[in-house]
Amino acid sequence: MAVGNIGLPYNDFCRLTPEEFGHVYEAYSSQRDADRKDSWERARLMTTIMIQPHLKKKLTPQQLLRLPWDDEPQERKANNPQPTAAESKERFEEMLRRMGEG
């Protein structure tokens with residue numbers, strides 16, 4: 001998997017801990033999933049553009065073809081609240097302090 005699919009050099013793979021490889025694989029899997037979703041989104045958009053002139057009513061790509069991830073953004077927002085401005089500033093200042101130490 002690491003060498004064949006991900007394209008990781010064998011020597012680099014041998015130096016990774018299982019946890020590090022887990023992170024590499026997660027990033028690889030996320031990228032593949034994003035590429036697959038992008039292909040479906042482009043196909044849906046192009047199909048909507050092609051059939052729109054033949055319809056009387058306006059049609060959105062989501063109305064033409066619902067995809068499993070169409071409802072995901074609302075779920076993500078509910079599960080991952082955005083930090084407040086004060087929290088963001090505090091986090092940024094902490095990162096600056098850490099960078100100054102290293």
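When a residue number appears, it is its place in the shown sequence, counting from 1.
Atom CG of L67 is separated from atom NZ of K37 by 10.0 Å, given to the nearest 0.5 angstrom. Of the inter-residue distances, the one linking T84 atom OG1 with E90 atom CD reads 8.5 Å to the nearest 0.5 angstrom. To the nearest 0.5 angstrom, Q62 atom CD is 9.0 Å from L45 atom CG.
Counting heavy atoms from C-beta outward, Q52 and T60 have side chains that stay 4.5 Å or more apart.
Between P61 and T48, the closest heavy-atom pair is CA-OG1, 3.3 Å. Across every non-hydrogen atom of Q63 and K58, the tightest pair is OE1-O, 3.8 Å. Across M50 and P53, no two heavy atoms sit closer than the pair O-CD, 3.5 Å. Considering all non-hydrogen atoms of both residues, L64 and R44 come closest at CD2-O, 4.0 Å. Annotation for L16 and V24: closest pair CD1-CG2, 4.3 Å, computed over non-hydrogen atoms.
Taking 4.0 Å as the cut-off between side-chain N and carboxylate O, E94 and R91 do not count as a salt-bridged pair.
Residues satisfying the side-chain hydrogen bond (donor to acceptor under 3.5 Å, both in side chains) criterion with D35, sequence neighbours excluded, are Q31. Qualifying salt bridge (charged side-chain N to carboxylate O under 4.0 Å, His left out) partners for D38, counting only residues two or more places apart in sequence or in other chains: R42.
By the 6.0 Å contact criterion, CZ on R66 is enclosed, its count of non-hydrogen atoms from other residues, nucleotides or ligands being greater than 12. Residue-environment remark: OH (Y25) stays at or below the threshold of 12 foreign heavy atoms within 6.0 Å. By the 6.0 Å contact criterion, CD on E20 is enclosed, its count of non-hydrogen atoms from other residues, nucleotides or ligands being greater than 12.
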Side-chain donor-acceptor distances from residues 4-15 under 3.5 Å, at least two apart:
{"residue": "D12", "atom": "OD1", "partner": "R15", "partner atom": "NH1", "Å": "3.2"}

